[in-house]
Each structure stands twice: as structure tokens, then as C-alpha cells.
Amino acid sequence: MKKILLFLIGLTVSVHAYTYNTQLMQVYAKIAPRLVLMTQSKADEPDKAITISIVYEQGDKASAEQLRDAMLQNYPDGLKERELDIVLTPYARSLTLSKSTLLFLLDTDEKVLKPTLKFAAQHNIPTMSYSNRFLQEGVILSLHLGKTVRPYLNLEAAKKNHIGIDNLLIQISKIYTPERAQ
């Protein structure tokens, strides 16, 4: 039994696959498109589609597809009279996503994450990650899981990336600071 478990762990790590909580992915699928509307970026243009790019490691393609399908199921007619376009892109090609209104980042190594975050900053694209540990790397949004689920907001990263944040989002969020989470 131990050998099988070690084999599965080794296989998962070797293909850069991560474990995702299905229920948490459903929460992200409901919240992420709405949070796009609470940032002041490319989504400000009322006739423009909301383009969420889910960026993933090769081993996580099935999870990225699951998240995309859940978003489309939650918003079959788009959001606020705008089409919802969900794009799946591996990290290796993430530097081609300049037309995105949000980069949703699935788990990866910090070294792989940094160029994607730099690209997002250069193009003023808000970032959201599945893992709130990436807030320390400069991701703008994640979720804080406590007694309730709340947005977790890195205001410093938003300011640095010239992303305006709606006051309501600030009020309902748990604010991340580099020293500690408030």
C-alpha cells in the first residue's frame, strides 16, 4: 500500500499536477467573474466581453477545464450583458494573454509564476489565484477560507499594477499585507 501511495505522489509531482478541492473550485467559478467587474481595468469597457484566462500546468488541464465548465454553467448568458469568454492556457504560453480581463492562476512553482505576474503587471491585468499563498508573490485576488468565504485582496499589488479596486470589494475583503494577513 505504501508503495502505491508513494508512486501516486511521485507521479503527481512529476507531471506538475496539483490537488484541487472540487467544492472550492465551484466557489471560484461563481465568484471570479463577478470580481472582474469590481476591478477597474480592461473590464471597464461596457461592450467588451469578459475574458478570463485560466493559466495551468500541463498536469492540471482537467482541473482548468472543470473550472471553465463551472464558470460557463454558472453564467451561461454572460454577466451584466457581456459575453463571458474563458480561455485555457498553459503557463508556458501565458505571455500571450494581453487581451485578458483576468488571469486566473492555478497552482505552479513560484519560478514559473513570476514571469506571468510580471506580464500581467505590464498589461494591467488583474490576477487571481487558486492558492492564497501566491498573494505574497504579487497576485491581487484569492479567497480567504474561514468561517465564511471572502475575497482575499492584495491592495499593494493592485496599486503597483495600476488596478483600481471598487470600494465594495475592499469592504467585503480580507486585506493581505506582506507582514501579515489582517
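In this chain, numbering begins with 1 at the start of the sequence shown.
With hydrogens and angles disregarded, a donor-acceptor distance shorter than 3.5 Å links the side chain of T101 to the backbone of T51. Under the 3.5 Å distance criterion, the side-chain polar atoms of N21 are matched with a main-chain donor or acceptor of L24. One N or O on the side chain of N74 and one on the backbone of A70 form a donor-acceptor pair closer than 3.5 Å. At least one donor-acceptor pair under 3.5 Å links the side chain of R150 to the backbone N or O of S173. Counting only distance, with no hydrogens or angles, the side chain of N161 and the backbone of I163 share no donor-acceptor pair below 3.5 Å.
Using a 4.5 Å heavy-atom cutoff, the side chains of V55 and L106 are not in contact. By the 4.5 Å heavy-atom criterion applied to side chains, V112 and E57 are counted as neighbours. Contact of the L113 side chain with the Y91 side chain is registered, since non-hydrogen atoms from C-beta on lie closer than 4.5 Å. Contact check for L79 versus I50: side-chain heavy atoms found under the 4.5 Å cut-off. Contact check for L35 versus L169: side-chain heavy atoms found under the 4.5 Å cut-off. The closest side-chain heavy-atom distance from K118 to P115 is not below 4.5 Å. You'll find the side chain of L155 reaches within 4.5 Å of the side chain of I170, heavy atoms only. No side-chain heavy atom of I54 sits under 4.5 Å from any side-chain heavy atom of T89.
In terms of heavy-atom proximity, L102 sits nearest to A32 at CD2-O, 4.2 Å. Contact detail for A157 and G138: the closest heavy-atom pair is CB-O, 3.3 Å. For the pair L103 and A120, the tightest heavy-atom approach, listed with the atom from each and the gap, is CD1-CB, 3.8 Å. The nearest pair of heavy atoms linking S63 to M25 is O-CE, 3.3 Å. Contact between A121 and N124 at its shortest, heavy atoms only, is O-OD1, 3.1 Å. Nearest heavy-atom pair across S142 and S129 is OG-O, 3.0 Å.
Exactly one residue among T116, N154, I140 makes a side chain to side chain contact (heavy atoms under 4.5 Å, CB included) with T127. That residue is I140.
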(request) Give the C-alpha distance, both sets of side-chain angles, the deciding distance and a yes or no for ring pair (Phe, Tyr, Trp, His ring centres under 6.0 Å) between F104 and Y28. (result) CA-CA 10 Å; F104 189 98; Y28 272 109; 5.1 Å; yes
(request) Using the side-chain contact (heavy atoms from CB on, under 4.5 Å) rule, take L88 and R68 through it: C-alpha gap first, then chi angles, then the decisive distance, then the call. (result) CA-CA 8 Å; L88 302 181; R68 176 200 58 208; 3.2 Å; yes
(request) Could you walk me through whether R82 and Y75 pass side-chain hydrogen bond (donor to acceptor under 3.5 Å, both in side chains), step by step? (result) CA-CA 10 Å; R82 292 192 235 171; Y75 301 100; over 6 Å; no
(request) Starting from the C-alpha separation in whole Å, work towards a yes-or-no answer on side-chain contact (heavy atoms from CB on, under 4.5 Å) for L97 and F119. (result) CA-CA 9 Å; L97 300 171; F119 173 83; 4.3 Å; yes
(message) Between K80 and L37, is the side-chain contact (heavy atoms from CB on, under 4.5 Å) condition met? List the steps.
(response) CA-CA 9 Å; K80 298 258 181 168; L37 297 176; 3.4 Å; yes
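Aromatic ring centres of Y20 and Y130 lie closer together than 6.0 Å.
Once rounded to the nearest 0.5 Å, the distance linking OG of S131 with CD of Q136 reads 9.0 Å. Between I125 atom CD1 and S94 atom OG the span is 10.0 Å, to the nearest 0.5 Å. To the nearest 0.5 Å, atoms CD (Q122) and CG (L117) are separated by 11.0 Å. Rounding to the nearest 0.5 Å places OH of Y176 at 12.0 Å from CG of L153. To the nearest 0.5 Å, atom CG of residue D166 and atom CD of residue Q171 are 8.5 Å apart. In this structure, the separation between CG on D60 and CG on L67 is 11.5 Å, given to the nearest 0.5 Å.
Salt-bridge check for E110 with R133: passed, with a basic side-chain N closer than 4.0 Å to an acidic carboxylate O.
By the 6.0 Å contact criterion, CD on E156 is open, its count of non-hydrogen atoms from other residues, nucleotides or ligands being 12 or less. Within a 6.0 Å sphere centred on CD of E65, other residues, nucleotides and ligands contribute more than 12 heavy atoms.
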